Amino acid sequence: MAKKFYITTPIYYVNARPHIGHAYTTIACDAIARRQRLLGSDTYFLTGTDEHGQKIERAVQASGKTPQEFADDISGQFRALWDRMGLTYDDFIRTTSERHKKGVQALFKKIRDNGYIYKGTYTGQYCVYDELYVDAVGEGAPCPECGRPTETVHEENYFFKLSAFQEKLIALYNDQPDFIRPETRRNEVMSFVRGGLRDLSISRSTFSWGIPVPDDPKHVIYVWLDALANYITALGYGSSDSGKLEKYWPADVQMIGKEIVRFHCVYWPAFLMAAGLPLPKAIVAHGWLLFEENKMSKSRGNIVRAETILEVLGADALRYFLLREIVFGQDGSFSFDAVVQRYNADLANGLGNLASRTLTMITRYFKGEVPYPSHTAAHTAADDAIAEVAQKTIAESGALFDQYQFSKALELAWGLVAAVDKYIVENEPWALGEKQDEGSRARLATILYTSAEALRIVTALVHPVIPESTARIWTQLGLGDLRKFPLSDLKWGQLPLGTKLGAIEAVFPRADKSAVERMQKMEDQGRTTAVEEAKVAGPSAPSDLTAAAAPLAKAVAAVPDGKISIDDFAKVELRVGQVKVAERVKGADKLLRLEVDLGSEVRQVVAGIAEAYDPETLVGRKVVIVVNLAPRKLRGLESNGMIVAASPEGGKPVLASFLEDVPVGTRLK
Ligand code: MSP
């Protein structure tokens with residue numbers, strides 16, 4: 001019977017549209033799932049969206065939609081993007097689906113019946129951004145994880161006896177050293193757990209966007225218990241059909257980003273132990289995708305959408321770049337230049353060129369049929385050397401891939417491409433092609449067979465990473481459907497002699513210089529479209545960044561007496577924000593880059609106030625932000641909102657502020 005293999009991605013929050021940071025995790029899992037299928041495993045690949053909690057509830061507030069409509073929209077965007085990219089997930093779980101809600105309630109009951117849930121009172125700080133209870137003191141105290149202001153929660157809650165699992169968790173990490181990967185994350189978790197575990201509040205009663213606690217619907221279940229349960233509710237936990245649960249649980253790999261290690265490596269196994277369920281075999285954490293040296297995220301306003309790269313270079317280019325360029329487990333930088341460079345060097349000039357020159361010569365010299373290699377006179381040590389490199393690559397590249405070292409695995413595979421290229425150049429098949437004597441024909445046949453066989457091997461090996469283009473090369477080799485190829489049998493010498501090649505076409509057309517520019521342009525336009533899609537009204541940002549009056553003036557102009565209705569005014573969303581970070585923008589005397597906390601999110605705003613304010617004096621200060629302006633780029637930085645200031649003629653701007661204290665996020669109206 002086939003070995004089963006269950007792999008999961010985190011489920012994505014629906015407070016923002018998908019970007020390539022989300023795509024990165026999903027692509028890595030897709031590549032692993034594809035390899036497992038080729039190796040013959042009965043594979044199940046799960047992804048989905050995380051739709052409850054205070055963070056989502058707040059994101060919805062400005063949208064004019066119901067939380068469910070909002071969640072439907074963004075969840076649909078994630079799914080549509082995954083489909084467009086050809087990601088081979090077997091199930092897409094949504095936490096607002098009935099099957100999930102039932103499963104979560106069943107899990108809550110089970111843990112309660114097993115004696116690990118009790119009622120108590122919680123007073124402390126809560127970080128809405130991380131959806132995390134934190135050790136901090138006082139309203140607004142910074143979250144130790146992300147630095148954003150926390151909120152004081154005073155509630156009667158249900159508590160989970162996390163403290164009862166400290167020793168069991170330590171034993172788990174010791175007994176299963178591979179439970180958390182990589183090692184650095186394992187060490188972090190060990191020291192966190194050794195530091196002592198306090199019981200965890202697992203319900204909330206001050207908002208309602210969540211799954212009701214069974215028998216006590218005033219409370220909703222804590223969003224992380226709700227979300228983590230997806231890995232089993234998708235398999236039917238809590239339903240009458242538990243076939244998939246029995247078959248696939250425990251998961252073989254649960255892939256996550258490094259920022260959610262604690263939830264997956266501490267809370268999740270503790271919840272499972274409390275429910276008497278088996279534990280996943282491995283939690284694998286990757287690093288962050290950075291753009292201009294910062295984590296790509298909505299709040300920083302530095303996201304890149306996957307669609308841009310798909311449109312210009314195709315899904316395989318993005319997949320290859322992410323897995324080849326970034327050392328898995330570490331942070332890695334993204335730039336359009338780097339993607340195009342990789343694409344041209346490794347795909348167009350590397351694999352693409354090897355495929356087209358080999359297949360074209362077979363067509364020209366052997367009427368498009370794989371020639372018979374010579375085992376006697378026309379055979380040389382150079383041919384054997386290629387066969388050896390290929391065999392070695394099969395063994396080593398596969399092993400590296402299975403250790404999540406995608407970048408090294410691909411480097412090795414491209415080592416084979418380079419070896420064959422060199423072999424072709426040194427053996428000059430084109431010169432032999434001009435000759436008709438038997439010896440030359442036999443040598444030519446051997447060289448082209450060797451090249452085609454090496455091409456076949458590298459194509460099969462890297463199929464999980466670049467599935468679409470390798471499937472096309474495979475068809476050009478006359479080999480049919482690559483998805484059905486049993487990868488575990490791959491070895492040198494399997495290319496059937498006399499195979500008729502398919503129609504030959506370029507798989508990776510070279511990207512010209514304009515590719516980078518086109519992608520950058522699409523990103524800038526995409527940002528505007530995204531805002532329109534979200535139906536956030538508001539005229540575009542004026543050139544004077546300090547004047548809030550300018551966009552209003554534009555709206556006013558349409559009305560004859562210069563007055564506007566209250567509805568017009570209501571279109572401009574003004575909110576109280578608190579400056580968390582302020583710094584000068586290199587090369588721009590007037591500009592400051594600010595990160596402003598708006599309660600539900602942190603925005604990057606670039607403001608022309610550097611001549612009036614020292615950045616240090618702004619940190620902690622409450623300001624007024626126009627929240628629903630279309631984002632725009634200044635000096636390569638996205639400004640997502642505008643700070644309101646009075647702009648005296650010929651004088652320096654003066655920031656609008658308040659005499660009384662006012663909570664962050666409050667709307668001005
Ligand atoms: N909803 C929670 C996860 C619940 S799982 C039971 C969550 N969602 S998220 O949308 O904020 O992030 C999900 C995952 O997206 C992260 O773990 C990470 O894998 C990925 N990434 C989001 N931004 C990323 C980067 N900039 N870089 C790399 N991965 C990123 O956390």
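Basis for what follows: all heavy atoms, side chains included, without hydrogens, waters or symmetry-related copies. Order of appearance sets the numbers: ligands from 1, and atoms from 1 within every ligand. Predicted, not measured: the structure shown is a model, and the values here were computed from it.
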query = Mind checking whether Phe160 and Phe271 have parallel, tilted or perpendicular rings, split at 30° and 60°?
reply = perpendicular

Ion pair Lys258/Asp331, N-O distance below 4.0 Å = yes

ask   = What is the nearest protein non-hydrogen atom to atom 23 (N) of ligand 1, stated with its residue, atom name and distance?
value = His19 CE1, 3.4 Å

note = shortest atom 30 (C) of ligand 1-to-protein heavy-atom contact is with Gly21 O, 3.4 Å

ask   = Would you call Glu595-Lys580 a salt bridge at under 4.0 Å N-O?
value = no

message = As an exercise, state the distance from CZ of Arg518 to CZ of Phe336, rounded to the nearest 0.5 Å.
response = 12.0 Å

query = Just heavy atoms, cut-off under 4.0 Å: does Leu289 contact ligand 1 by side chain, backbone, both, or neither?
reply = both

task = Report yes if some N/O of Leu228 lies less than 3.5 Å from some N/O of ligand 1; otherwise report no.
result = no

ask   = Looking only at protein heavy atoms, which one is nearest to atom 18 (C) of ligand 1, and how far off is it?
value = Thr25 OG1, 3.6 Å

inquiry  = Any heavy atom of His286 closer to ligand 1 than 4.0 angstrom?
reply    = yes

ask   = Is there a nitrogen or oxygen of Asp50 sitting under 3.5 Å from a nitrogen or oxygen of ligand 1?
value = yes

query = Is it true that Phe291 lies under 4.0 Å from ligand 1, counting heavy atoms only?
reply = no

inquiry  = I'd like to check whether Tyr13 has a polar contact with ligand 1, where a contact means an N/O of the residue lying under 3.5 Å from an N/O of the ligand.
reply    = yes

query = Can Tyr231 be said to touch ligand 1, with heavy atoms closer than 4.0 Å?
reply = yes

request  = Could you find the nearest protein heavy atom to atom 13 (C) of ligand 1 and give me its residue, atom name and distance?
outcome  = Tyr12 CD2, 3.5 Å

inquiry  = In this structure, does ligand 1 have an atom that sits under 4.0 Å from one of the heavy atoms of Ala16?
reply    = no

query = Any N/O of Ile11 closer than 3.5 Å to an N/O of ligand 1?
reply = yes

Within-cut-off N or O pair, Glu259 and ligand 1, under 3.5 Å = yes

query = With a 4.0 Å cut-off, would you call Arg58 and Glu151 a salt bridge?
reply = yes

note = Per-atom filter on ligand 1: closer than 4.0 angstrom to a heavy atom of Gly287 are 28 (C)

query = Any chance the side chains of Thr43 and Gln36 put a donor and an acceptor closer than 3.5 Å?
reply = no

Ion pair Arg37/Asp90, N-O distance below 4.0 Å = yes

task = Indicate, with yes or no, if the rings of Phe401 and Phe406 have centres closer together than 6.0 Å.
result = yes

